[in-house]
A.B. asks: 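One structure, as structure tokens, below. Some questions next.
As the structure is a prediction and not an experimental result, all values here were calculated from the model.
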Amino acid sequence: MATAHGPLVIGVDSSTQSTKALVVDTATGEVVASGQASHPTTATHEIDPEHWWKALTSALEQCGRAATEAEAISVAGQQHGLVTLDATGAPVRPALQWNDVRSAPQVESLTRDLGGPAAWARRVGSVPAPSFTAPKWRWLTENEPETAARTAAIRLPHDYLTGRLTGEGTTDRGDASGTGWWAGDEAGYDTGILDHLGLDPALLPRVVGRGEGAGTVMAAAGLPLRTGALVAAGTGDNMGAALGLGLAPGTPVLSLGTSGTVYAVSRTRPADETGTVAGFADATDGWLPLACTLNCTLAVDRVAALLGREREDVEPAAGPVLLPFLDGERTPQLPYASGLLYGLRHDTTGGQVLQAAYDGAVYALLRALDLVLADESRPDAPILLIGGGARGTAWRETVRRLSGRPVQVPRAQELVALGAAAQAAGLLLGTDPAEVARGWRTAEGPSHDAVPRDDEALARLENALTGADDLLRRPTPGTATTEATGTATPDTAANAPGGDERGGNLPR
Ligand SMILES: Nc1ncnc2c1ncn2[C@@H]1O[C@H](COP(=O)(O)OP(=O)(O)O)[C@@H](O)[C@H]1O
Ligand SMILES: O=C(CO)[C@@H](O)[C@H](O)COP(=O)(O)O
């Protein structure tokens, strides 16, 4: 272990594919030890939360003595999802993850119940998507009422892990803003929405306030950590990365992981009634307008595997279009969609098809970029490219070509875990965690100049997306999505901007 200049803290990122733990020197931001352990990924997008705990244990063990010397820890995790616990704190069923779209019919009914997309955007900052916790809870009450009845506590993934460290039920404003039942700082949970869902607020965790901690590590946690070490609030992974980058308004981030996300920090609360941009809170006292796709690195890796090609084995694609919606899609909101390949010719090569998959994944994100930045846009600001995909040349070059903007790839690779570490350091030292991260200079890294935007490719993609609209809105017979959601015909009116505004009479 390198010699530390300040107290040590731990930042954790419990994401979809793995858990990463970093032990960080608060004085310099240097990572003195790290560990990583995988989670199983399944077609159903359910997971036993015990896998997260085992992966956390393994990642901390890999950090060795440094983990036991750390004075504070914070856990960031994949957003949304639904973790249901019984009265003893044990899961009553596997957790439903953010990329599970089975609650698409419940999104339609809930959207209608509150008065349509605009009413949701005004009330909780976001139009719900199947990723959100509120429609997932409604799915559970409608489809597994006995499981719902046995539920004594509801948690988000990071709350679950934090709770096992501290023995307390806590969450933070950033992750709470992805539930669909958090009204904003002053109001806390929206009791009208909770009533409508038949959900007792006592089942929900306390939202930790700014500068406050979640508790301390209890001996019973049984991890290689110091008993009594401070535990910070934690947050959702995207809020964690924003914090880890010390992000300022006007600079867009594109994160390439299992999900693709595009976001910026903002001083004003977003309320996008088209549902493209979620009005999340950040991990401090600002906002994090964000658009998220369900199909990013895993989907493109899947296409590469089908083609029998390496990730980087791409060729310029002038013809084919691939919309890689393997898991249904959230941006654009097409939960019943599956992947679509269009424009094949005799001379189309495998490398072109793979490049088309990259193009399709990046295009879906870039379509949302202007909406995310709104009036805080700075067209010359580089896109900060993060997440596992940022290590790949094909990803980086696709983003440059389709955005026409400069791209900067931070040298620091685990920005979610670094953000969590900054949160832990902020709690330990009594300082602003965003300032801590800026002092660590985490956003620095090589810059790549803007190249002319490939408008032809964008037009081909837009043409395929609009032309196939009807097909993409229908469940694909025989796919896992159809089996999970049933064959209900989606009610597109409820999801259209300014759609059904009737019936919005929920109590506040
Ligand atoms: N060198 C690389 N080049 C391109 N992609 C990579 C590389 N290394 C990892 N990845 C991609 O990173 C993804 C994992 O990214 P990560 O941000 O850790 O995901 P998550 O946060 O969803 O668990 C993998 O699906 C893989 O495709
Ligand atoms: O649902 C969202 C954002 O709203 C996703 O970004 C999840 O938070 C999962 O992130 P990764 O595990 O892919 O990083």
Side-chain angles (χ1 to χ4, degrees), residues 99 117 121 126-127 129 131 238 251-257 259-264 266 270-280 288-297 299-300 317 320-337 339-340 342-343 355-379 381-385 387 389 395-405 407 450-473 492 495-497:
N99 47 0
S126 304
V127 182
S131 297
N238 292 293
T251 298
V253 178
L254 203 84
S255 171
L256 304 169
S259 65
T261 58
V262 58
Y263 56 86
S266 173
D272 172 25
E273 64 183 64
T274 72
T276 306
V277 176
F280 296 144
L288 196 74
L290 178 148
C292 172
T293 61
L294 300 184
N295 301 282
C296 194
T297 59
V300 173
V321 170
L322 204 160
L323 301 174
F325 302 159
L326 310 194
D327 272 322
E329 195 35 82
R330 170 165 155 194
T331 309
Q333 201 176 128
L334 296 165
Y336 301 94
L340 188 83
Y342 169 72
Q355 179 60 62
Y358 280 98
D359 282 15
V362 169
Y363 158 76
L365 283 167
L366 289 177
R367 275 177 103 228
L369 179 62
D370 288 342
L371 266 177
V372 160
L373 289 169
D375 6 333
E376 295 185 284
S377 179
R378 287 195 292 122
I383 294 178
L384 296 179
L385 202 62
W395 279 112
R396 188 189 68 226
E397 291 309 306
T398 306
V399 172
R400 284 177 84 197
R401 185 170 51 79
L402 294 186
S403 70
R405 293 178 72 126
V407 166
V451 296
R453 199 173 61 184
D454 187 348
D455 288 327
E456 268 177 38
L458 294 171
R460 271 200 308 277
L461 283 152
E462 191 67 32
N463 174 53
L465 183 65
T466 48
D469 185 68
D470 179 50
L471 204 54
L472 293 169
R473 285 187 191 282
T492 45
N495 290 323

A.B. asks: Do you see a donor-acceptor pair shorter than 3.5 Å between the side chains of Thr276 and Thr274?
C.D. replies: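 Looking only at side-chain atoms, Thr274 and Thr276 do form a donor-acceptor pair, the distance falling under 3.5 Å.
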
A.B. asks: State, without any angle test, whether Asn295 and Thr293 hold a side-chain donor-acceptor pair at a distance under 3.5 Å.
C.D. replies: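 Looking only at side-chain atoms, Thr293 and Asn295 do not form any donor-acceptor pair under 3.5 Å.
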
A.B. asks: Please determine which of Leu290, Val253, Val262 meets the side chain to side chain contact (heavy atoms under 4.5 Å, CB included) test together with Asn238.
C.D. replies: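 Checked Leu290, Val253, Val262 against Asn238; only one passes side chain to side chain contact (heavy atoms under 4.5 Å, CB included): Leu290.
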
A.B. asks: If you take all heavy atoms of Leu402 and Ala457, which pair is closest and at what distance?
C.D. replies: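 Shortest heavy-atom separation between Leu402 and Ala457 comes out as CD2-CB, 4.0 Å.
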
A.B. asks: If we ignore hydrogens and angles and just use 3.5 Å, is the side chain of Arg405 paired with the main-chain N or O of Ala381 as donor and acceptor?
C.D. replies: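 Looks like yes, one N/O pair under 3.5 Å.
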
A.B. asks: Within this structure, what is the OG-CG distance for the pair Ser403 and Leu254, rounded to the nearest 0.5 Å?
C.D. replies: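 If we round to the nearest 0.5 Å, Ser403:OG and Leu254:CG are 8.5 Å apart.
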
A.B. asks: Which of these passes side chain to side chain contact (heavy atoms under 4.5 Å, CB included) with Arg473: Asp470, Leu471, Asp469?
C.D. replies: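 Of all the options given, the one that passes is Asp469.
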
A.B. asks: How many angstroms lie between atom CG of Leu472 and atom OH of Tyr336, to the nearest 0.5 angstrom?
C.D. replies: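 If we round to the nearest 0.5 Å, Leu472:CG and Tyr336:OH are 14.0 Å apart.
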
A.B. asks: Once rounded to the nearest 0.5 Å, what's the spacing between atom CG of Leu326 and atom CG of Leu294?
C.D. replies: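 Leu326 CG to Leu294 CG: 10.5 Å, rounded to 0.5 Å.
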
A.B. asks: Would you name the heavy atoms of Ala264 and Thr251 that are closest together and state the gap between them?
C.D. replies: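 Scanning both residues, the minimum pair turns out to be CB-O, 3.8 Å.
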
A.B. asks: Under 3.5 Å, is there a donor on one side chain and an acceptor on the other for Gln355 and Thr398?
C.D. replies: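 Yes, because at least one side-chain N or O of Gln355 sits under 3.5 Å from a partner of the opposite role on Thr398.
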
A.B. asks: Can you tell me how far apart OH (Tyr363) and CG (Leu322) are? Round to the nearest 0.5 Å.
C.D. replies: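 Reported value, rounded in 0.5 Å steps: 13.5 Å.
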
A.B. asks: Tell me yes or no: between the side chains of Arg330 and Ser131, is some donor less than 3.5 Å from an acceptor?
C.D. replies: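 Short answer, yes.
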
A.B. asks: Salt bridge between Arg460 and Asp359, side-chain N to carboxylate O under 4.0 Å?
C.D. replies: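 Not counted as a salt bridge, because no side-chain N and carboxylate O are separated by less than 4.0 Å.
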
A.B. asks: Testing the basics here: between Gly279 and Ser126, what is the closest heavy-atom pair and its distance to 0.1 Å?
C.D. replies: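 Scanning both residues, the minimum pair turns out to be N-OG, 2.9 Å.
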
A.B. asks: Without swapping roles, check the side chain of Gln333 against the backbone of Gly275 for a donor-acceptor pair under 3.5 Å.
C.D. replies: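 It does not hold such a pair.
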
A.B. asks: Which pair of heavy atoms, one from Val399 and one from Leu385, lies closest together, and at what distance?
C.D. replies: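 Distance-wise, the nearest heavy atoms are CG2-CD1, 4.0 Å.
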
A.B. asks: Can you name the closest pair of heavy atoms from Thr331 and Cys292 and give their distance?
C.D. replies: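 Of all heavy-atom pairs spanning Thr331 and Cys292, the closest is OG1-O, 2.6 Å.
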
A.B. asks: A side-chain contact here means heavy atoms from C-beta on lying under 4.5 Å apart; do Leu369 and Pro252 qualify?
C.D. replies: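 Sidechains of Pro252 and Leu369: in contact.
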
A.B. asks: Quick one, Cys296 and Ser259 - any side-chain contact, counting heavy atoms below 4.5 Å?
C.D. replies: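 No; the side chains remain at least 4.5 Å from each other.
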
A.B. asks: Distance from Leu334 atom CG to Phe325 atom CZ, nearest 0.5 Å?
C.D. replies: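 Rounded to the nearest 0.5 Å, the CG-CZ separation comes to 6.0 Å.
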
A.B. asks: Taking atom CG of Leu365 and atom OH of Tyr263, what is their separation to the nearest 0.5 Å?
C.D. replies: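 Those atoms lie 11.5 Å apart.
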
A.B. asks: When you look at Glu462 and Leu458, which way does the side chain to side chain contact (heavy atoms under 4.5 Å, CB included) test go after all the steps?
C.D. replies: CA-CA 6 Å; Glu462 191 67 32; Leu458 294 171; over 6 Å; no

A.B. asks: Given side chains that start at C-beta, do those of Leu323 and Leu461 come closer than 4.5 Å, heavy atoms only?
C.D. replies: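 Contact flag for Leu323/Leu461 side chains = yes.
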
A.B. asks: Testing the basics here: between Arg396 and Val407, what is the closest heavy-atom pair and its distance to 0.1 Å?
C.D. replies: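 Closest heavy-atom pair between Arg396 and Val407: CG-CG1, 4.1 Å.
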
